A.B. asks: 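One structure coming up, written as structure tokens, with questions to follow.
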Amino acid sequence: MQDTPKANRLHIAIFGKRNAGKSSLINAITGQQIALVSDFAGTTTDPVYKAMELLPIGPVVIIDTAGLDDEGELGELRIKKTKEVMDKTDLAILVFTAESKDFSLEKEWFNDLKERNIPVIGVINKVDLDDIDVEELQNDFDIPFVKVSAKNKQNIGKLKELIQINAPKDYERETIVGDIIKPKDLILLVAPQDIQAPKGRLILPQVQVLRDILDHDAMPIIVKDSELEDSLKVLNKKPDLVITDSQVFAKVNSIIPKDVPLTSFSILFARYKGELEYFVQGAKKINELKPGDNVLIAEACTHHPLEGDIGRQKLPKWLEEKAGGKLNITVNAGVDFPEDLTKYKLVVHCGSCMFNRKQLMTRIIRCSEQNVPITNYGVAIAEINGILDRVIEVFKK
């Protein structure tokens, strides 16, 4: 865990036509031969991700994409993959060259980025070969432009300056838990180490919450749920906050005194990556589910499901008990997420520790536009157990 997780890095995506020099531009920005470069159009097929430090911004992910004008059946699939990159893009770089006399395709993609509220920087590449009148471009593209030669490293410094100036400052929240705790607070973390937990280490949300607590000078103690009662007995004071794995909400809720604030890792991430209040509203729809309703369970990462998998076994079981019968449950993992959500009565999303905030917010917006309620694992489990009001109370103080 020495490196900043990709989900917590500013995502910078580079878009442009084939042979616009996108891969060369990435190599120039990073100072490394990261992307494969050739004179053959369409060298980049699938999106390529490079995590790096881009000073003075800090940790970023730079994404190289296939050409906007890719052709044929495979080309259409590559363009679809490129469009999916927009869902996670915090800052876009749109590359132009004088070789292209028609910029209608760039305009189409620019409008799509603008609709998503993604800031865009225009890069006129290959100025060592030919140039473009910036004023003419700005009549159609109201964005900052910089002229560069990726090949000769010309004006790459100015491009980095534009990235720094235009990078969104709110691409992620400043803290996961630091705004609801104080220095010297005693924070008790409940982390079951079952078959789902990776051998020899904690899962990412637990690690990130633990680090955030330490960064805010509070005092974390971490125990398994089987040792929770014993830990309360040996402490000389009540915890100022208990954060648990949502899967053991019912057990932990029955043990922790009612005057001790309680929440979960997943609920913290509902607020950190998305919008907690929107997820709370979505969770209320669980009470309206009926047998035969369609429910989508969406996971940010792809993993091999094991016995007792939360998304494929536990949640479906709990939701069907609440609905009073069998539900039509679909599980989508990774980047797969339906364009048309209208058949679903509810979307239940994982904590999204592997997504950046932009990616999860894109899914929330898509649900909102189609009037489909969305919640996340922790919020849903709290509602199923009748303790939702208790576990979000800490955020109202």
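All values derive from a computational prediction rather than experimental measurement.
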A.B. asks: Suppose we screen for salt bridge (Lys or Arg N to Asp or Glu O under 4.0 Å). Which residues come up paired with Glu383, at least two apart in sequence or across chains?
C.D. replies: Lys284

A.B. asks: For Asp69, enumerate each residue passing the salt bridge (Lys or Arg N to Asp or Glu O under 4.0 Å) test, keeping only those at least two apart in sequence or located in another chain.
C.D. replies: Arg18

A.B. asks: So, using salt bridge (Lys or Arg N to Asp or Glu O under 4.0 Å) as the criterion, who are the partners of Lys83 when residues are at least two apart?
C.D. replies: Asp112

A.B. asks: List the residues meeting salt bridge (Lys or Arg N to Asp or Glu O under 4.0 Å) with Lys158, not counting sequence neighbours, and say none if there are none.
C.D. replies: none

A.B. asks: Tell me, please, which residues at least two apart from Phe110 pass ring pair (Phe, Tyr, Trp, His ring centres under 6.0 Å).
C.D. replies: Phe141

A.B. asks: By ring pair (Phe, Tyr, Trp, His ring centres under 6.0 Å), which residues pair with Phe103, not counting sequence neighbours?
C.D. replies: Phe96

A.B. asks: Could you list the residues that satisfy side-chain contact (heavy atoms from CB on, under 4.5 Å) with Asp128, not counting sequence neighbours?
C.D. replies: Lys126, Ser149, Lys151, Asn152

A.B. asks: Does anything in residues 173-193 pair up under ring pair (Phe, Tyr, Trp, His ring centres under 6.0 Å), and if so which pairs, sequence neighbours excluded?
C.D. replies: none

A.B. asks: Which residue pairs pass the side chain to side chain donor-acceptor pair (under 3.5 Å) test with at least one member in residues 175-185, sequence neighbours excluded?
C.D. replies: Thr175-Asp212, Asp179-Arg271

A.B. asks: How would you list, by chain and number, every residue that makes a ring pair (Phe, Tyr, Trp, His ring centres under 6.0 Å) with Phe249, sequence neighbours excluded?
C.D. replies: none

A.B. asks: I need the full list of salt bridge (charged side-chain N to carboxylate O under 4.0 Å, His left out) pairs touching residues 342-354, with sequence neighbours left out, sorted by first then second residue.
C.D. replies: none

A.B. asks: Under the rule for side-chain contact (heavy atoms from CB on, under 4.5 Å), what residues qualify as partners of Arg363, not counting sequence neighbours?
C.D. replies: Ala298, Phe337, His349, Phe355

